[in-house]
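Let me begin by presenting the structure, written as structure tokens, before commenting on it.
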Amino acid sequence: MASVLFVCLGNICRSPMAEAILAEQLRQRGLNNDWSVDSAGTSAWHINEAPDPRTIATCKQHKIPIDSRARQVISKDFMRFDHILAMDDSNLDNLRRFKQFAKTHVALLGDYDPDGEREVGDPYYGGDDGFEKIYHHIYRSCEAFLDAEA
Ligand code: 4NP
């Protein structure tokens, strides 16, 4: 069983969207039973909350099922997941504070982006179009991640 954890700041916008998109791509590839996918935030601000309504609406528009609750990254995650994929450099800096950081493969999701856009920027304070933009960024990066790692 391979595993990946997506990480952003609040675990209500970007990383739950990435979790939902990758899960859908795994189903399309018939690989969903071979992979475990989860998401978490570096902050504790939104623990137990459902994803942001704009993330839910964007996933619905693209027919991607989404159902998750926010949680915070814990040190055990570095032992449990084969890949930890952060959304931006600030998330990555926060992950570096864990002394277990080097125990697994930690990267930016955008490192896999065929268009070379390294960071999936925080859409929280922007408009709805920001969510559509990150949807496509996350979608193509996740496809490339699976092409490389699955
Ligand atoms: P996320 O977006 O990290 O993609 O979940 C954010 C959600 C909440 C906040 C910032 C970013 N916040 O400031 O509460």
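Atoms considered below: every heavy atom in the structure, side chains included; atoms not considered: hydrogens, waters and symmetry mates. Numbering of residues begins at 1 and proceeds along the displayed sequence. We count ligands from 1, going down the list as the structure has it; atoms in each ligand are counted the same way.
No more than 12 heavy atoms of other residues, nucleotides or ligands shown are found within 6.0 angstrom of CG on Asp67.
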Worksheet item: Going through the checks in order, is the ring pair (Phe, Tyr, Trp, His ring centres under 6.0 Å) test met by Trp35 and Phe81?
Response: CA-CA 10 Å; Trp35 280 76; Phe81 291 92; over 10 Å; no

Worksheet entry | Derivation and outcome, ring pair (Phe, Tyr, Trp, His ring centres under 6.0 Å), residues Tyr139 and Tyr135 | CA-CA 6 Å; Tyr139 193 96; Tyr135 173 85; 5.8 Å; yes

For ligand 1, run through the N/O pairs with the protein that fall under 3.5 Å and put one pair on each line.
residue: ligand 1; atom: 3 (O); partner: Leu9; partner atom: N; Å: 2.9
residue: ligand 1; atom: 3 (O); partner: Gly10; partner atom: N; Å: 2.8
residue: ligand 1; atom: 3 (O); partner: Arg14; partner atom: NH2; Å: 2.9
residue: ligand 1; atom: 4 (O); partner: Arg14; partner atom: N; Å: 2.9
residue: ligand 1; atom: 4 (O); partner: Arg14; partner atom: NE; Å: 2.7
residue: ligand 1; atom: 5 (O); partner: Gly10; partner atom: N; Å: 3.4
residue: ligand 1; atom: 5 (O); partner: Asn11; partner atom: N; Å: 3.2
residue: ligand 1; atom: 5 (O); partner: Ile12; partner atom: N; Å: 3.0
residue: ligand 1; atom: 5 (O); partner: Cys13; partner atom: N; Å: 2.9
residue: ligand 1; atom: 13 (O); partner: Tyr125; partner atom: OH; Å: 3.2
residue: ligand 1; atom: 14 (O); partner: His46; partner atom: NE2; Å: 2.8

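With respect to Asp38 and Arg71, a salt bridge is recorded, a charged nitrogen being found less than 4.0 Å from a carboxylate O.
A donor-acceptor pair shorter than 3.5 Å cannot be found between the side chains of Glu143 and Tyr112.
In this structure, the side-chain hydrogen bond (donor to acceptor under 3.5 Å, both in side chains) partners of Glu117, at least two apart in sequence or on a different chain, are Lys133, Arg140.
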